[in-house]
Every structure is written in structure tokens, then in C-alpha cells.
Amino acid sequence: MSKFYLTTAIAYTNAKPHLGHALEFVFADIIARYYRAKGTDTYFLTGTDEHGSKIYKTAKEAGRDTQEFVDDVVQHFYKLAKDLNLTNDDFVRTSSDLHKRGAQKIWNKLVEADDIYLNSYSGLYCSGCEAFLSEKDLVDGKCTNHMVAPELLTEENYFFRLSKYSDKIKDLIKSGELKVYPDVRKNEMLAFLNEGLQDVSFSRPKNILPWGINVPNDDSQVMYVWCDALTNYLTALGYADGDTKVAKYWPCDLHIIGKDILRFHAGVWIGMLLSAGLPLPKAIGVHGFVTSEGKKMSKSLGNVVDPLDLLATSPVDAVRFYLAREIPTGDDGDFSKERFNIVYSSDLANNFGNLASRVVSMVHKYFNGVVPTITEFKFEPEFADCFKTYCSEIENFDIKKGIESVLHFMTLLNQYVEETKPWALAKEAKTAELALVMGNLVEGVKRVTYLMAPYVPNATLELAKILQIDLGLNFEAGFKSVVAEKTLGEITPLFPRLEI
RNA sequence: CGCGGGGUAGAGCAGUGGCAGCUCGUCAGGCUCAUAACCUGAAGGUCAUAGGUUCGAAUCCUAUCCCCGCAACCA
């Protein structure tokens, strides 16, 4: 059986989840559910990134122990995953022992490859911020938070010889051996690689940053947070202990990330794997950011959408569907209350929900709920097209286009109802004709239910009960499963109107 | 001349040489199985601007204007 291993980026636990986390979670979950429904042995990993100076600082400012602080924050991410109905197989935390040992094992591999060396790093250090600042953080040469000029500080760091792999990485992306979706991100990365990658500082002195994973054989240094974080994709599979999951699922088939961290994944991470002599991931899917009511979310504008609040007041399927359907998968998108309601009403309630509702009702009305037998599905060719598009779009990391093909197919079924007018056939007692129409409609709704399932798992589960179909079946088996002669359950609206 | 992406109907987008499309919204009509849902039709675009190549350009070339992302060691 083929396998598919996919990951989200691990969320940074310096603050509660925002809508962008929900977006990434939903994208990943839809893809995971899709591959499972294709009959692929799928492993879906998500988790949290818990080291780094920012977390250390945030915890310190809150007067908290760092571990306790992240233990608290991670609860919000657990809750988000649960509330979004995620089917992740594991949730990795970088403060876990398994991860730490795995990260150290990889570090040693890099050392063995002679890609780690000691050097000095100089930067502009603000003692108020307890962090190095870059030029763009400064106004008039001063730190904007503390209004003092940072001092030039030099510290001893281990460096990773990333420059060595620059050309190799460029070739991999250029040739498509490592896919980067969408093209605009691929081009951006290639352009960046044209400049050539620099070696990167891979550790921090412990006296400045005590919160991190110890560098093996040097008690005075901890790993730079990215060095540790990136390895989670491997360590979570049990890399430290030579777990069989590594053999089974590595290399990763798809890393889903935000556009802000493309370089770390398509650059640093690939370099690390090359250095360690490990197989490389197949693809990186890059999504954009979500704005709110047309503007970047900010506290001062008061337009911040808290995904946990949203899920507390709206059905999870509505949230999942909005993110998947309305936000272009590889691009930025907007969240607005107005669009949220429109998308829910027109696509879910009016198109899908109402289609199911009218079809099931008519089977009850005209055939006492017993689905008539048909010998051949009238829309087999149209459905084949729809399914083909659905698959290829999702596999090429376009979740929005994937579902659009299904929505079009639903429209086709709605049109068929209008053309055949079952109510008129019933009145004229054209039973054979009516049976044919209804049989085809139920078959159509059944197919659609399978395709909608990764996007709106709750509603489709409910509909599956009414249709008496098994959503646990993979697509092929599900499409072939027989609904004829079954007695349908009673239907209530799958997507009741939202309270505005 | 830093690199890259983009400017197409009220909104969001598709469309890389051959009569300008999709979804939502708007307006009109039809239907009554259905969640005031569904179906049909209409209005609405000088495809950023100017020039060029071509039998033919939203699509290729040149210039200009505007918007956005990136310019890495905070994640």
C-alpha cells in the first residue's frame, strides 16, 4: 500500500493560536482525509515549537517558568486541533524528550559530515530586548522598544555549512524533484537561491539563552531554535530510537507551511537532510496569510479573529469550509463575517444541503423512502471529470479548486431535478421514469457525500447515516457501494441557517 | 537599475495567440420536491496606460504608472 506522510509547521507557543493556525490545520486535515479516502496509508503530524528566545522572554516577562508557560499555551493548540476536528496521528512538542534526543542525533550527523564549525557571530544586541536586532528593527539606529542604540556584540556560535548545499538545493527545486507549491513561491525561492545561501548560526550561548536543546558535547551552547524545530518532522516518528515509523513514513510527502517560513524549509531543512544523508521531502505546500475584513489583523484595529471563539459560535464544518473554499490555497485571503455567511448559505446550505434535502424528501414522498434501483449512473462521465479534477487539484495543493469541481457537479444535479421535474412525473404516475430519476439523484448525492467528507466531516457523517453508506470506505469502494433498495432515514437540514 | 508576483464585470478570481469566463452580489422571469431553497435569462469589462510584433494579443515584446511579497539567523 502506498503511504503519504504530511506535516503542518509546528506552531510557535509564545501566544495563543490565531486564524492562520486554523487555516494551516484545516488545509492539512483535508489533505490527510483525502489521502486516507484514496486508500493511502496516511500519517498526519502537527505540533508545537517551544524553544527560542522569544518564548523564553515572554515567559520571563510573565514571571513564569518557561516549561510551565509552554505547557499552558500548548493546551490552546490541543483545543484548536480538537475543535477543528483534526485527524492528526500525532502531536509533537519540541520540549519532549523524544524530540530532544532526535534533534541531538541529527546534530551529530551534521558534525560527522563536518558541516558544523565554531565561529563568532556579531550582531546588534539590545540588552533591553535581550535579543539581536536587524537593521530593519531600528529607527534612527535605535531599538524601537527601548529607544537605545544596540551594541555590537560578538559571541561564539556553532555554524552550519549551509552554503555547501546551495547549488544542490537549487537544482532539486528547479528540476521539480522537490516540489514547491504554488509556482510563485517556487520562483521566489529560486531567485533567493540564485544569491547563494550563507552558512547559518546554529547555536546560542547558554548564558544568553538557557532555553533550548543542549548541543551534544558542549554544555555551554543550546541549539538555535530553527535547527531544533525543523527536525521535528523526523524526530516525531521516533528517529532517536530508530522507530519503524521512520522506515515506514519517511521521507515526508508534504510539508505544509506559511509563506514566511519557506526559506527555512526549502533551504535550511533540505540542507540539513542533505548533510545528514537522509532522504528528502517530496513537496512543500505554501499558504498565505488571512486578513480580517480586508485588513491585516491587529489589536488596535480590533479586527482580530480568534479561531477558538469562532469555533465556539459557529459550526466546525462552516469554519473548515470557509477556510478551504474562500481562501486561495497558495495565496492570501480574507475573513469577513459577511463572506462567512454568504459562503455558508450559498454553497453549504443552498447547494449541498438543500440538494440532499430535496432528494431524500422526494424518495420518502414518492417511494416510501426506498431508493429505486438503477442499472447505470447517468452522470458517470461528468462525475469522472469532477473526480479527476478534484484529485489533481488537491494533489497539487489547491484545496479551493478541488472543492469547486464538486460544487459544479452539485449544480448539475440540481439542474437535473429541474429538467426532469419529479413532482410532475409523480402526478402523472410515470413511476418507471420517476424511479430512474430518483435513483440517479440518490447515486449523485452519495458520490458527492464522499467527496465532501474531507471538507465537512460532521455534516457528511450525518448524511451518510441517512443514506446508509459507509464513509469509512475509500473513494473507489464508496462510489461502487449500493444504495438501491435501502430505506433512507429522515433528513433535517444539514446546514441550518446561521444566527447572524 | 536589488529579486519576485500582480493590476480582467460591484467583490473575489480563472484564462499564456484565435468570438472575454467562473463564483458571489444585483435585476427580471419560472418552478414548488426542498433549508424563502432550486432553475432560466439579463445588465455590468476600452482585460492598468502607451507603443510594437502578428492575419489575429488579456495572452508575446518595449516603455510608463500603481499595488503586494521577499531582502534570511525573532519565529
Side-chain angles (χ1 to χ4, degrees), chain A residues 9-15 49-58 121 123 129-137 157 159-160 162 182-195 197-204 209 224-227 229 258-264 267-268 288-289 294 325-328 331-334 336 338-339 342-343 345-366 400-401 404 407-408 410-411 413-427 434 437-438 441 491-497:
Chain A
I10 46 177
Y12 200 60
T13 49
N14 70 324
D49 177 9
E50 308 185 1
H51 292 126
S53 61
K54 203 163 186 171
I55 284 171
Y56 177 65
K57 226 182 79 190
T58 308
Y121 171 76
C129 295
E130 295 184 20
F132 284 98
L133 304 177
S134 61
E135 294 290 346
K136 69 175 177 184
D137 296 325
N157 284 180
F159 274 68
F160 172 55
L162 181 59
D183 281 346
V184 32
R185 295 301 161 202
K186 175 181 174 177
N187 293 340
E188 184 181 306
M189 193 62 206
L190 283 172
F192 179 63
L193 284 161
N194 271 337
E195 312 287 304
L197 295 169
Q198 309 284 305
D199 289 354
V200 5
S201 162
F202 243 30
S203 73
R204 296 287 180 273
L209 177 64
Y224 167 50
V225 64
W226 271 111
C227 162
K259 64 183 182 180
D260 52 334
I261 56 174
L262 173 59
R263 289 176 184 192
F264 295 98
V268 180
F289 295 155
R325 155 76 168 137
E326 185 68 4
I327 312 293
D331 208 341
D332 291 353
D334 187 52
S336 80
E338 193 192 349
R339 285 297 302 167
I342 289 172
V343 168
S345 310
S346 72
D347 288 333
L348 290 180
N350 299 351
N351 201 354
F352 182 40
N354 184 58
L355 174 68
S357 195
R358 69 199 304 209
V359 168
V360 171
S361 299
M362 285 192 280
V363 172
H364 278 290
K365 193 162 281 189
Y366 306 138
K400 177 177 156 76
K401 280 194 182 156
E404 274 171 359
L407 294 166
H408 283 129
M410 287 181 206
T411 299
L413 295 176
N414 270 318
Q415 285 170 335
Y416 181 61
V417 174
E418 299 301 322
E419 280 162 25
T420 56
K421 298 186 178 30
W423 51 90
L425 295 175
K427 207 171 272 177
L434 182 59
V437 169
M438 293 318 302
L441 283 171
I491 193 164
T492 50
L494 296 171
F495 303 99
R497 300 286 151 191

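A, B, ... follow the sequence lines: proteins, then strands. Residue 1 opens every chain.
- Between atom CZ of residue A:R325 and atom CG of residue A:L407 there is a gap of 5.0 Å, rounded to the nearest 0.5 Å.
- Atom CD of A:E419 is separated from atom P of B:rC39 by 11 Å (rounded to the nearest Å).
- Using bins of under 30°, 30° to 60° and over 60° for the plane-to-plane angle, the ring pair A:F202/A:F160 lands in the parallel bin.
- The distance between atom CZ of A:F202 and atom C1' of B:rC73, rounded to the nearest whole Å, is 10 Å.
- Note on A:Y224: every side-chain N or O is 4.0 Å or more away from OP1 and OP2 of B:rC74.
- Rounded to the nearest 0.5 angstrom, A:E338 CD and A:I342 CD1 are separated by 4.5 Å.
- A:N14 has its CG atom 10 Å from the P atom of B:rA75, to the nearest Å.
- The same atom, P, is picked in B:rA14 and in B:rC22; the two are 15 Å apart, to the nearest Å.
- Across all strands, A:E326 comes closer than 4.0 Å to no nucleic acid atom at all (heavy-atom distances).
- A straight line from CG of A:L209 to C1' of B:rA75 spans 13 Å, rounded to a whole angstrom.
- B:rG6 and B:rC47 are spaced 14 Å apart, taking the C1' atom of each and rounding to whole Å.
- Distance, A:K400 NZ to B:rG12 C1': 7 Å, rounded to whole Å.
- Separation of the C1' atoms belonging to B:rC3 and B:rG10 is 35 Å when rounded to the nearest angstrom.
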Scan nucleotides 67-70 of chain B against the protein and return all N/O pairs shorter than 3.5 Å with their distances rounded to 0.1 Å.
unit_1 : atom_1 : unit_2 : atom_2 : d
B:rC70 : O2'    : A:R263 : NH1    : 3.3
B:rC70 : O2'    : A:R263 : NH2    : 2.0

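- Straight-line distance between the P atoms of B:rG15 and B:rG7: roughly 10 Å, to the nearest whole Å.
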Note, RNA chain B 5' to 3' with Watson-Crick or G-U pairs under 3.5 Å encoded as ( ), [ ], | and . gives .(((((((.[[[[.)..(..]]]].(((((.......))))).....[[[[[..)....]]]]])))))).....
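- Rounded to the nearest Å, the gap between the C1' atom of B:rC67 and that of B:rC33 is 49 Å.
- Note that OG of A:S345 and CG of A:N350 are 6.0 Å apart. Values are rounded to the nearest 0.5 Å.
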Produce the list of close N/O pairs, under 3.5 Å, pairing protein atoms with atoms of nucleotides 22-24 of chain B; give distances to one decimal.
unit_1 : atom_1 : unit_2 : atom_2 : d
B:rU23 : O2'    : A:R325 : NH2    : 3.1
B:rC24 : O2'    : A:R339 : NH1    : 3.2

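- The same atom, P, is picked in B:rU8 and in B:rC68; the two are 15 Å apart, to the nearest Å.
- In this structure, A:T13 contributes its side chain and A:D49 its backbone to a donor-acceptor pair below 3.5 Å.
- Nucleotide B:rC73 holds its C1' atom 13 Å from the CZ atom of A:F160, rounded to whole Å.
- Distance alone, capped at 3.5 Å, places no donor-acceptor pair between the A:Y366 side chain and the A:S361 backbone.
- Contact annotation for A:D183: no contact, since no heavy-atom pair falls under 4.0 Å across all strands.
- In this model, the phosphate group of B:rA72 is not approached by any side-chain N or O of A:Q198 to a distance below 4.0 Å at OP1 or OP2.
- Between A:D334 and A:R339, none of the side-chain N atoms (NZ, or NE/NH1/NH2) sits under 4.0 Å from a carboxylate O, so this pair counts as no salt bridge.
- The line from NZ of A:K365 to CH2 of A:W423 is 11.5 Å long, rounded to the nearest 0.5 Å.
- Note that the CD atom of A:E188 and the CG atom of A:D183 stand 12.5 Å from one another [nearest 0.5 Å].
- Going from the C1' atom of B:rA9 to that of B:rA20 covers 10 Å, rounded to whole Å.
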At under 4.0 Å between heavy atoms, which parts of nucleotides 28-36 of chain B does protein reach? Answer with one letter per nucleotide, 5' to 3': B base, S sugar-phosphate only, - none.
-> --BSSBBB-
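- The nearest whole Å value for the distance from the CG atom in A:L407 to the P atom in B:rC13 is 18 Å.
- Residues passing the ring-ring contact (aromatic ring centres under 6.0 Å, His included) test with A:F264 are A:W226, sequence neighbours excluded.
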Passes side-chain contact (heavy atoms from CB on, under 4.5 Å), A:K259 versus A:D332? Steps please.
-> CA-CA 9 Å; A:K259 64 183 182 180; A:D332 291 353; 3.0 Å; yes
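- One can place CG of A:N157 at 11 Å from P of B:rC74, the figure rounded to the nearest angstrom.
- A search for side chain to side chain donor-acceptor pair (under 3.5 Å) contacts involving A:N354 returns nothing, not counting sequence neighbours.
- When the C1' atom is compared between B:rU59 and B:rG52, the two are found 15 Å apart, to the nearest whole Å.
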